[in-house]
Every structure is written in structure tokens, then in C-alpha cells.
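Comments concern the structure below.
Naming convention: chains lettered A, B, ... in sequence-line order (proteins, then strands); numbering from 1 in each chain. Keep in mind it's a predicted model, so treat the numbers as computed, not measured.
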2 protein chains.
Amino acid sequence: MSWDLKSDRPIYAQLIEQLELKICSGVYALGSKLPSVRDLAEEAAVNPNTMQRALVRLEEDGLLYTQRTSGRFITEDANMVIQIKDKIAREQIREFLEKMINLGFSRKDILSNITKILEEMRENEYDSRV
Amino acid sequence: MSWDLKSDRPIYAQLIEQLELKICSGVYALGSKLPSVRDLAEEAAVNPNTMQRALVRLEEDGLLYTQRTSGRFITEDANMVIQIKDKIAREQIREFLEKMINLGFSRKDILSNITKILEEMRENEYDSRV
DNA sequence: ATTATTGTATTAAGTGCTTAATACAATAAT
DNA sequence: ATTATTGTATTAAGCACTTAATACAATAAT
């Protein structure tokens with residue numbers, strides 16, 4: 001998973017989400033050192049200030065910690081990561097379900113459409129994690 | 001369903017989505033007259049210019065049409081609405097699934113978590129459409 | 001005929017996001 | 001000791017979005 005930034009939402013907000021994803025999914029391991037702000041910014045093709053803004057936020061949430069001049073590190077607290085992962089998942093599911101229900105889909109419709117698209121994703125381009 | 005606008009995304013984009021929802025879900029019936037730009041803007045607590053911007057977009061997509069000084073109307077083309085509804089649903093499902101898969105959830109995990117939250121929504125505050 | 005309502009357009013101001021260009025202090029690396 | 005790298009801060013500029021305040025033309029309502 002690389003950096004996927006769209007123009008219809010603030011970049012810093014998208015960076016926060018994608019950094020959370022990278023941490024929760026293990027792209028950055030517990031306790032490991034993050035690339036520097038400047039490197040991350042270059043990697044994501046973003047201004048260092050913008051990346052910094054996202055990192056500060058993750059730090060406030062307890063997912064990262066800073067050692068003054070040696071860099072930033074992922075928390076060693078596995079529970080913290082699990083909780084964030086769970087929080088993100090619940091938010092995603094709720095938002096999604098509310099939209100689908102507002103569109104007029106029934107419980108059955110929702111589930112059947114999901115399995116249908118899951119099949120498509122399994123068959124086609126997507127990856128094998130499903 | 002009322003107007004629910006958050007500050008982390010352009011308002012006009014959210015208006016487009018929610019107008020699409022209102023049309024697809026039947027809040028505004030096929031062929032019926034929309035409230036005026038000014039009234040819609042007041043209803044959504046938004047500047048008329050911003051509402052106008054959203055309406056113009058829906059018109060470009062064929063969901064609305066304008067009669068110069070008597071107002072705007074929902075299309076009478078039922079297929080158009082069905083297509084839009086289907087398009088929105090597919091987008092929502094894909095986006096959702098990609099996020100969940102990136103988070104590391106398996107197909108089984110996703111489905112079981114959805115049914116779990118659907119149960120919660122059915123029991124608790126949400127409505128009876130599920 | 002007059003009035004009110006429709007969509008539409010314009011201009012100016014304010015705000016937040018983003019970038020670019022710097023700079024500084026602390027410390028790891030040499 | 002010197003140098004490079006770290007996070008951090010500041011300032012100025014540009015941009016899109018939003019609002020407010022108007023205004024205009026067309027036509028429905030009176």
C-alpha cells in the first residue's frame with residue numbers, strides 16, 4: 001500500500017488515516033522507527049509541514065512518540081493499536097451502513113451486494129487477502 | 001433525513017451527495033418540483049451560491065432539469081435514478097471493502113462485524129428500515 | 001400592468017489548507 | 001570538534017471554498 005491522496009479532502013486528514021492504516025496493518029511494526037518527517041513527506045509527495053501536522057496528531061492520539069532528535073517511533077503498546085484498529089473499523093462500518101440504509105437498501109440487500117462485490121474483487125484485480 | 005454537513009470536506013460536495021440520496025431514496029419524488037435555491041439554502045443553513053453550485057452539478061448529471069423561472073424539477077426518468085442509486089451503492093461498497101481489507105480484516109471478519117453492527121443498529125437508536 | 005419569485009451572475013472579504021523557503025536547537029554520527 | 005540529521009517553528013504566498021451583498025432577466029402570480 002502506497003500513498004493515495006485525493007483532492008477533495010484535506011491532505012493532512014488523509015495522511016492521518018493512511019498512517020493509521022499502515023500502523024494497524026503492520027506496514028510499520030510496533031516499536032519501529034518511522035522515516036523522518038522530510039523523508040515521509042517526500043515519499044508522499046507532500047510538503048513537510050503537512051506531514052508534520054499529521055504526525056503530531058497521531059502522537060496526540062498515542063500511536064507514536066518522539067525522541068527529540070533521533071526520530072519518531074511507533075508505540076510498543078499492542079493494545080493501543082488494536083483499539084485504534086477496532087475504532088476505525090467500527091466507524092467505517094457505521095458510516096457505510098447509514099449511507100446504504102439511507103439509499104433504501106434493506107439488510108438483505110446490503111449483505112448480498114457486499115458478497116457480490118467481494119466475489120468480483122476476489123476474481124479480479126484486487127489482492128488475495130480477502 | 002435532514003441536512004448533515006461536516007467541516008472536513010467541501011460543503012458543496014456534501015450537498016451533492018445528500019441531494020442524490022434524497023432523490024434516490026424518494027424524499028423528492030420523480031418529476032416533482034424542488035424547493036427554490038434560496039429555500040434549499042436556508043433549509044441547509046448554507047449560502048445560496050453554495051447550494052446553486054451543487055444543483056448545477058446534479059443537473060449536469062441529468063438528475064434534475066431547470067425551467068427557467070418556474071423552478072427545478074427531478075427527472076422523470078426512473079432508470080436514471082436507478083442507475084445513480086446503483087452507482088452510489090457500488091462506490092460505497094468498494095471504498096468500504098478496500099479500507100477494511102487494508103486494515104487487515106478477512107472476508108469473514110468483515111461480514112460478521114457488519115451483521116454485529118447491524119444488530120446493534122436494529123436494537124438501538126436507528127430506524128426500522130433495516 | 002404590477003409584483004413576487006425563479007434561476008443566475010458578480011464582487012469582495014474571510015477562512016483554512018498547502019506549499020516554499022527558511023531557520024533554530026538538540027543530538028547522533030563522524 | 002565538526003557535521004549531518006532530527007523535530008520544530010515562522011513567514012509569505014497562492015489557492016479553493018464559503019459567505020454576504022447585490023443585481024439582473026424571465027415569467028408566474030396578482
Side-chain angles (χ1 to χ4, degrees), chain A residues 2-20 22-23 28-76, chain B residues 2-20 22-23 28-76:
Chain A
S2 184
W3 297 92
D4 173 29
L5 300 170
K6 303 178 180 174
S7 60
D8 69 336
R9 285 176 58 214
I11 292 177
Y12 82 95
Q14 299 180 60
L15 291 177
I16 291 172
E17 281 181 11
Q18 295 187 27
L19 284 165
E20 283 178 343
K22 284 174 193 281
I23 294 170
Y28 298 130
L30 284 190
S32 67
K33 186 177 182 299
L34 270 183
S36 74
V37 186
R38 293 170 177 80
D39 286 351
L40 279 174
E42 191 181 2
E43 195 183 313
V46 149
N47 189 279
N49 296 335
T50 307
M51 182 59 74
Q52 164 83 358
R53 180 168 180 178
L55 292 172
V56 167
R57 172 65 159 280
L58 289 188
E59 207 165 325
E60 289 167 0
D61 291 347
L63 224 40
L64 304 177
Y65 64 93
T66 296
Q67 270 176 351
R68 188 61 181 84
T69 60
S70 66
R72 274 199 181 81
F73 299 82
I74 314 291
T75 180
E76 280 117 4
Chain B
S2 184
W3 297 94
D4 172 30
L5 301 171
K6 303 178 179 172
S7 61
D8 70 334
R9 286 175 57 212
I11 291 178
Y12 81 94
Q14 299 180 59
L15 291 177
I16 291 172
E17 281 180 12
Q18 295 187 27
L19 284 165
E20 282 178 343
K22 284 174 193 281
I23 294 171
Y28 297 130
L30 284 190
S32 66
K33 185 177 182 302
L34 269 182
S36 73
V37 185
R38 293 170 176 81
D39 286 351
L40 279 174
E42 191 180 4
E43 194 182 311
V46 147
N47 189 279
N49 296 335
T50 308
M51 182 59 76
Q52 164 83 357
R53 180 168 179 177
L55 292 172
V56 167
R57 173 63 160 279
L58 289 188
E59 207 165 326
E60 288 167 359
D61 291 347
L63 225 39
L64 305 177
Y65 64 94
T66 296
Q67 270 176 351
R68 188 60 182 83
T69 59
S70 65
R72 274 198 181 80
F73 299 82
I74 314 293
T75 179
E76 280 117 3

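With distances taken from any side-chain atom of B:Tyr12 to the nucleotides D:dT6, C:dT8, D:dC17, the minimum falls on D:dC17. With distances taken from any side-chain atom of B:Asn49 to the nucleotides D:dA21, C:dG7, C:dA28, the minimum falls on D:dA21. Of the candidates C:dC17, D:dA28, D:dT8, the closest approach to any side-chain atom of A:Arg72 belongs to D:dT8. Which of D:dT19, C:dG7, C:dT19 sits closest to the side chain of B:Thr50 comes down to D:dT19. Comparing atom distances between the B:Val37 side chain and each of D:dG7, D:dT27, C:dG7 picks out C:dG7 as nearest.
Across every strand in view, D:dT11 sits in a pair with C:dA20 that passes the Watson-Crick or G-U test at under 3.5 angstrom. D:dA16 and C:dT15 make up a base pair, with Watson-Crick or G-U wobble contacts both under 3.5 Å. D:dA26: Watson-Crick or G-U partner is C:dT5, with both key distances under 3.5 Å.
With no hydrogens or angles considered, no side-chain donor-acceptor pair links B:Gln18 and B:Trp3 at under 3.5 Å.
Two residues are said to be in side-chain contact when any heavy atoms from C-beta on lie closer than 4.5 Å; A:Leu40 and A:Leu15 fail this criterion. The closest side-chain heavy-atom distance from A:Glu76 to A:Leu30 is not below 4.5 Å.
Regarding A:Gln67, its CD atom lies at a distance of 15 Å from the C1' atom of D:dT5, rounded to whole Å. If you measure from atom CG of B:Leu15 to atom C1' of D:dC17, you get 12 Å, rounded to the nearest angstrom. Between B:Lys6 atom NZ and D:dC17 atom P there is a gap of 20 Å when expressed in whole angstrom units. Atom CZ in A:Arg57 sits about 16 Å away from atom P in D:dT8, given to the nearest Å. Distance CG (B:Asn47) to C1' (D:dT22): 12 Å, rounded to an integer number of Å. Per the geometry, CD belonging to B:Glu59 stands 16 Å off P belonging to C:dT6, to the nearest Å. Nucleotide C:dT6 holds its C1' atom 11 Å from the CG atom of B:Asp39, rounded to whole Å. One atom, CZ of B:Arg53, and another, C1' of D:dT19, lie 13 Å apart when rounded to the nearest Å.
Put simply, the side chain of B:Gln14 gets close to the backbone of B:Arg9: a donor and an acceptor are under 3.5 Å apart. Put simply, the side chain of B:Asp61 never gets that close to the backbone of B:Leu63: no donor and acceptor are under 3.5 Å apart.
Phosphate contact (OP1/OP2 of D:dG7, side-chain N/O of A:Thr66, threshold under 4.0 Å): absent. OP1 or OP2 of D:dT27 has not a single side-chain nitrogen or oxygen of B:Ser70 nearer than 4.0 Å.
Among the heavy atoms of the strands lying under 4.0 Å from B:Arg38 is at least one base atom, whether or not backbone atoms are also near.
Take the nearest nucleotide of DNA chain C for A:Gln14 and for A:Arg68: the residue whose nucleotide is more 5' is A:Gln14. Where A:Gly71 and B:Ala13 meet DNA chain D, the nucleotide closest to each residue was compared, and A:Gly71 sits on the side nearer the 5' end.
Atom CD of B:Glu42 is surrounded by 12 or fewer heavy atoms from other residues, nucleotides or ligands within 6.0 Å.
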